[in-house]
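Take a look at the structure below.
Count residues from 1 along the sequence.
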Amino acid sequence: MSLSRWFQDPFFDEPFFGTQRGGGTNLAPYGRQQGLFDTSLQQFRPQTDVSETDKEIRVVANTPGLRKEDIRIDVDDQNRLLTFSGETKREDKRDDETHHLIERSYGRFTRSIRLPKNTDFDNIKANMDNGVLKIIVPKKEQQIKTKSINVE
């Protein structure tokens with residue numbers, strides 16, 4: 001079993017944000033164009049790639065400025081949900097400083113990805129290097145079980 005079209009999964013993307021993947025849009029909530037000076041979207045949301053092979057699912061997320069201690073990864077094996085979360089904090093504002101442009105985002109984030117049934121939950125591995133979080137989710141061998149039925 002493979003991943004479903006994950007970029008349309010309601011557990012992965014928020015419903016009011018456009019996407020940049022697969023011909024998506026760059027629209028902010030309620031249809032406003034997100035431009036260079038638009039400060040309406042100040043929440044941090046790590047850019048995330050999800051790929052799959054026959055043996056594993058790979059999740060790679062850009063989390064600049066965060067350390068591995070700032071990231072939390074949870075797996076709900078009953079609902080087959082992988083969730084990673086964290087928080088970026090705003091630097092202290094100085095009184096003698098005037099900001100002309102603020103483009104960096106701050107705040108808590110949570111990303112969740114539904115996993116296939118053949119996920120090996122006991123062997124998920126994660127590492128972080130230079131602000132890039134990599135999560136490797138191995139798959140179990142799918143065993144096809146057949147059973148004979150006697151005709152009465």
Review point. Between Lys140 and Thr119, which heavy-atom pair has the shortest distance, and what is it?
Key: CE-O, 3.7 Å
Review point. So how far is it from Ile113 CD1 to Ile135 CD1, rounded to the nearest 0.5 Å?
Key: 6.5 Å
Revision key, fill the gap. Distance col, row Leu81:CG vs Leu115:CG, nearest 0.5 angstrom, shows 7.0 Å
Exercise for review: State yes or no: do Ile136 and Phe84 share one hydrophobic cluster built from I, L, V, M, F, W and Y residues joined by side-chain heavy-atom distances below 4.5 Å, directly or via other members?
Suggested key: no
**Study point:** Distance, nearest 0.5 Å, that separates CG of Leu66 from OG1 of Thr88
**Key:** 6.5 Å
Practice item. Inspect the surroundings of CG in Asn130 and state if more than 12 heavy atoms from other residues, nucleotides or ligands are less than 6.0 Å away. Key: no
Study note, to complete from the structure: Taken in chain and number order and not counting sequence neighbours, the residues that satisfy salt bridge (charged side-chain N to carboxylate O under 4.0 Å, His left out) with Asp120 are none
**Study point:** Listed partners of Asp74 passing salt bridge (charged side-chain N to carboxylate O under 4.0 Å, His left out), at least two apart
**Key:** Arg72
Point to revise | side-chain hydrogen bond (donor to acceptor under 3.5 Å, both in side chains) involving Asp77 - partner list, sequence neighbours excluded | key: none
Revision key, fill the gap. Heavy atoms of Glu52 and Ile57 approach each other most closely as CG-CG1, 4.2 Å
Exercise for review: Apply side-chain contact (heavy atoms from CB on, under 4.5 Å) to the pair Arg67 and Met128, showing each step before the final yes or no.
Suggested key: CA-CA 8 Å; Arg67 301 167 303 168; Met128 186 127 156; 5.8 Å; no
Review point. Crowded around Gln47 CD? As in, over 12 foreign heavy atoms under 6.0 Å?
Key: no
Check your understanding: Should we count CD of Glu97 as having more than 12 external heavy atoms under 6.0 Å?
Key -> yes
Review point. Between atom CZ of Phe109 and atom CD1 of Ile71, what is the distance when rounded to the nearest 0.5 Å?
Key: 4.0 Å
Review point. With a cut-off of 6.0 Å (strictly less than), are more than 12 heavy atoms of other residues, nucleotides or ligands near CD of Glu69?
Key: yes
**Study point:** Distance in Å, Lys89 NZ paired with Arg108 CZ, rounded so as to fall on 0.5 Å steps
**Key:** 9.0 Å
Practice item. Check step by step if side-chain contact (heavy atoms from CB on, under 4.5 Å) holds for Ile73 and Leu133. Key: CA-CA 10 Å; Ile73 301 172; Leu133 173 66; 4.2 Å; yes
Point to revise | Shortest non-hydrogen contact from Arg111 toward Thr48 | key: NH1-OG1, 3.5 Å
Review point. Which pair of heavy atoms, one from Val60 and one from Arg58, lies closest together, and at what distance?
Key: CG2-CG, 3.8 Å
Check your understanding: Under 4.5 Å between any side-chain heavy atoms of Asn62 and Val132, yes or no?
Key -> yes
Practice item. For residues Ser85 and Thr110, report the shortest heavy-atom separation together with the two atoms involved. Key: CB-OG1, 3.6 Å
Check your understanding: Would you say Lys139 and Asp54 make side-chain contact, with heavy atoms under 4.5 Å?
Key -> no
